Participant: 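I have a structure here, written as structure tokens, and I will follow up with some questions on it.
Note that the structure is a prediction, hence the values are computed from the model and not measured. Each residue takes its place number in the sequence, starting with 1.
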Amino acid sequence: MDSAGQDINLNSPNKGLLSDSMTDVPVDTAVATQSPVVEGLTEAEEEELKAELAKVEEEIVTLRQVLAAKERHCGELKRKLGLSALEGLKQNLSKSWHDVQVSNAYVKTSEKLGEWNEKVTQSDLYKKTQETLTQAGQKTSAALSTMGSAISRKLGDMRGRPFSHSFRNSATFRSFEDRVGTIKFSNFKNII
């Protein structure tokens, strides 16, 4: 392949190839061959360098073609195995996370955090805060239970009153009554 007709964009699907429309562009070969000789190089050295350059450019084109063929083959194999880009990403993330977890920095940090956690949970301030929050939770649960009982009592009173039978049997009323009972029962279980 002519190295002057290459596409140097590595992201191009036509790696190493130019489109037909680009081949129509005239190139002034007289200007290209009349490059000034770099000072200190003889004509023979310049010819040798040009030959080596042409060889390297040809190898680049060949490598691009081989790489493109390998990428196509890899894609076909993944498709046949049912592997998608998402699967590959998940595997890469999983492997990366595993690598992080076994890294020296992660292990040392985990150990240090474990030590700090032990110190914090053994401190008097932590124990007092935990007791206070436990008591607050118990009092809140008791208050909600009392409120649930009061609402249930009121609903029971409403049930005993002679008013619209259809309201008491409506889905909304029954749903509300069931939820209040559930709240009351779950708070009762937490207290026990």
Participant: OG1 of Thr62 to CD of Gln65: how many Å apart, nearest 0.5 Å?
Facilitator: 5.5 Å
Participant: Checking Glu131 side chain against Lys128 main chain: does a donor-acceptor pair fall under 3.5 Å?
Facilitator: no
Participant: Rounded to the nearest 0.5 Å, what's the gap from OG1 on Thr134 to NZ on Lys139? Could you check?
Facilitator: 12.0 Å
Participant: Please round to the nearest 0.5 Å and tell me the distance separating atom CG of Asn117 and atom OG1 of Thr121.
Facilitator: 5.0 Å
Participant: Rounded to the nearest 0.5 Å, what separates atom NZ in Lys108 from atom OG in Ser103?
Facilitator: 10.5 Å
Participant: Any side-chain to backbone donor/acceptor pair from Ser145 onto Ser141? Under 3.5 Å, distance only.
Facilitator: no
Participant: How far does OG of Ser123 sit from CD of Glu118, to the nearest 0.5 angstrom?
Facilitator: 11.0 Å
Participant: Does Asp99 pair with Lys95 as a salt bridge, N-O distance under 4.0 Å?
Facilitator: yes
Participant: Side chain to side chain contact (heavy atoms under 4.5 Å, CB included) with Cys74: which of Glu71, Lys78, Lys70?
Facilitator: Lys78
Participant: Would you name the heavy atoms of Leu41 and Leu49 that are closest together and state the gap between them?
Facilitator: CD1-CD1, 3.8 Å
Participant: Might you work through the salt bridge (Lys or Arg N to Asp or Glu O under 4.0 Å) test for Arg79 and Glu76, ending with a clear yes or no?
Facilitator: CA-CA 5 Å; Arg79 184 184 50 78; Glu76 290 171 10; 5.7 Å; no
Participant: Ion pair present between Lys55 and Glu52, side-chain N to carboxylate O less than 4.0 angstrom?
Facilitator: no
Participant: Within a radius of less than 6.0 Å around CD of Glu48, do more than 12 heavy atoms belonging to other residues, nucleotides or ligands occur?
Facilitator: no
Participant: Would you compute the distance between atom CD1 of Ile151 and atom OG1 of Thr146 and round it to the nearest 0.5 angstrom?
Facilitator: 11.0 Å
Participant: Keeping Ser94 on the side-chain end and Lys90 on the backbone end, is there a donor-acceptor pair under 3.5 Å?
Facilitator: no
Participant: Under 4.0 Å between a Lys/Arg side-chain N and an Asp/Glu carboxylate O for Glu46 and Lys50?
Facilitator: yes
Participant: In the hydrophobic clustering (ILVMFWY, side-chain contacts below 4.5 Å, transitive), which residues join Val120, or is it alone?
Facilitator: Tyr126
